[in-house]
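Have a look at the structure below before the remarks.
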Amino acid sequence: MNDAIVVSGVGKQFVRYHNNKPLTFQEAVLQGFRGMKRSDRFWALQDISFQIGPGRMVGLIGRNGSGKSTLLRLIGGIGRPDRGKIKVRGRIRALLDLGVNLHPDLTGRENIFINGVIAGLTRREVQRQFESIVEFAELAPFIDSPLRTYSTGMRMRLGFAIAVHTWPDVLLVDEVLAVGDLAFQRKCLDRIAQFKAEGCTIVFVSHDETQIKQLCDEVVYLRQGQLVAWGEPEIVVGQYLADNREKTHRVTPKEHSIIKTAMGTELRVHENRFGSLEMEIINVRLLDKQGVPITELLSGDPLSIEIEYLAPAPIPSPFFGVAIEREDGVICYDTTTLASGEILPTLQGRGKIVLHFKRLDLNHGQYYINVGIYQSNGDFAYDYHWQVYPLLINTSYLYDKGVLKVPHVWQFDPAYDREQKQIYK
Ligand SMILES: Nc1ncnc2c1ncn2[C@@H]1O[C@H](COP(=O)(O)OP(=O)(O)OP(=O)(O)O)[C@@H](O)[C@H]1O
């Protein structure tokens with residue numbers, strides 16, 4: 001076999017415990033002993049088969065609880081499949097629960113030595129790598145403090161730094177990039193890209209489809225423990241996103257009162273409004289640099305998009321998205337709080353979030369600002385307003401083509417020909 005990883009017919013069962021277990025004998029009698037069965041078994045993974053060639057980078061995608069981490073753990077040798085087989089060639093390094101093996105009472109320095117050795121390095125190798133690990137983790141001033149004085153982010157950085165200073169043939173990465181600030185995430189991604197360039201086989205779990213599409217050669221899509229698709233990132237991620245959109249359609253209530261926005265558009269579910277409405281967008285304003293509500297903007301001017309929301313019950317870490325769509329359906333720009341590295345806390349009640357564009361260099365034309373609030377994993381939208389907020393972009397010159405109006409000047413040099421002739425004389 002030439003493949004680095006072969007997963008064949010893998011199934012994994014877990015035990016699920018029930019909450020309705022009777023607490024007292026009296027309750028058990030009242031429930032007719034139905035709740036006495038404390039648990040049952042379920043398949044977290046079923047009949048999963050795929051192969052990964054050496055040096056390939058493969059993304060695992062799927063909704064919450066679809067089995068991604070379980071699969072990654074099994075590939076990493078943590079637990080055994082109940083059915084089927086997994087074969088991995090070479091030394092594996094798993095970036096799963098970073099920081100789990102770090103000891104709180106030992107200093108950063110001591111942890112580097114112990115964990116380096118656990119990861120298969122000799123003491124001398126750790127010694128040689130030490131400075132580089134500390135530098136990567138950006139922890140030099142704290143390296144002799146006990147780990148319990150570190151923040152979660154600092155521990156993660158140390159865990160990641162130790163892990164990436166070993167030389168694996170197969171690297172397993174589970175969502176670790178959601179940790180730390182944007183600059184550190186960038187550094188982790190660069191390091192992973194370097195591993196890839198050095199021929200390391202990588203399996204990568206992420207909820208960020210854009211990242212998956214950018215980095216991976218292949219994608220495996222899991223749904224409820226089953227393999228839905230495996231192949232080209234563009235196609236498989238496309239299928240995953242289409243499924244998510246379908247879920248948003250499914251959770252959108254059949255009927256809801258029609259609401260008129262401040263701009264005068266009627267919001268109608270299943271027409272221009274989609275989502276479970278557990279959390280609602282109650283007002284959106286497009287504002288110019290003076291904070292004045294607008295529906296027209298001069299290309300190159302700043303624009304702020306103010307979104308007011310209402311969450312009657314707590315909503316854990318939702319994310320907000322804004323897309324600029326041209327009248328003909330071309331998505332000119334699409335961004336989310338998540339993509340910008342903003343992890344929001346649990347939100348409840350009324351609140352406001354504003355997205356500021358320093359300048360909007362779009363070409364002249366009619367656009368819409370689409371606005372959405374999404375469940376933390378992007379499984380579905382709580383509320384998504386499509387083609388509700390119009391924005392007309394004006395430019396002083398109407399003959400340019402394309403989506404962008406890139407600031408530019410033409411510079412003509414009449415002396416060029418004369419100068420060239422002199423040079424070649
Ligand atoms: N040790 C365990 N015991 C019992 N059930 C488990 C265990 N580990 C995972 N599960 C269950 O198995 C299913 C798959 O979980 P898994 O963590 O692999 O999903 P995931 O796709 O990684 O989810 P997420 O995106 O939330 O991390 C879930 O229903 C989860 O509750």
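Just so you know, these numbers use all the heavy atoms, side chains as well, and skip hydrogens, waters and symmetry mates. Counting starts at 1 for both ligands and their atoms, in listed order. These figures come from a predicted structure and were not determined experimentally.
Looking only at heavy atoms of the protein, atom 16 (P) of ligand 1 is closest to Thr70 OG1, 3.5 Å. Of all protein heavy atoms, the one lying nearest to atom 14 (C) of ligand 1 is Gly65 O, 3.4 Å. Looking from atom 25 (O) of ligand 1 to the surrounding protein, the closest heavy atom is Lys68 NZ, 2.8 Å. Given atom 27 (O) of ligand 1, the protein heavy atom at minimum distance is Ser69 OG, 3.6 Å.
Closest heavy-atom approach to atom 24 (P) of ligand 1 within the set Leu60, Asp379, Asn64: this belongs to Asn64. Looking at Phe42, Trp43, Phe14, it is Phe14 that brings a heavy atom closest to atom 8 (N) of ligand 1.
Against a heavy-atom cut-off of under 4.0 Å, Arg63 is close to the following atoms of ligand 1: 21 (O). Within ligand 1, counting atoms from 1 as listed, the ones closer than 4.0 Å to a heavy atom of Ser66 are 19 (O), 20 (P), 21 (O). Taking a cut-off of under 4.0 Å to the non-hydrogen atoms of Val15, the atoms of ligand 1 that pass are 4 (C).
No more than 12 heavy-atom neighbours from other residues, nucleotides or ligands sit within 6.0 angstrom of CZ on Arg83. In Gln224, the CD atom is not crowded: 12 or fewer heavy atoms of neighbouring residues, nucleotides or ligands sit closer than 6.0 Å. Within 6.0 Å of CH2 on Trp230 lie more than 12 heavy atoms contributed by other residues, nucleotides or ligands. Surrounding CD of Glu234 are at most 12 heavy atoms belonging to other residues, nucleotides or ligands under 6.0 Å away. Around atom CD of Glu135, no more than 12 heavy atoms belonging to other residues, nucleotides or ligands sit under 6.0 Å away.
Note: Tyr333 and Phe357 have perpendicular aromatic rings, judged against thresholds of 30 and 60 degrees for the angle between ring planes. Using the six-membered ring where Trp is involved, Tyr374 and Tyr384 have ring planes that are tilted, between 30° and 60° apart.
Backbone and side-chain nitrogen or oxygen atoms of Gly67 are examined, and one is located within less than 3.5 angstrom of a nitrogen or oxygen of ligand 1.
In this structure, atom 2 (C) of ligand 1 has protein heavy atoms in its sub-4.0 angstrom surroundings.
Contacts classified as salt bridge (charged side-chain N to carboxylate O under 4.0 Å, His left out) and involving residues 347-372 (residues at least two apart or in different chains) are given here: Glu306-Lys352, Glu308-Arg350, Arg359-Asp361.
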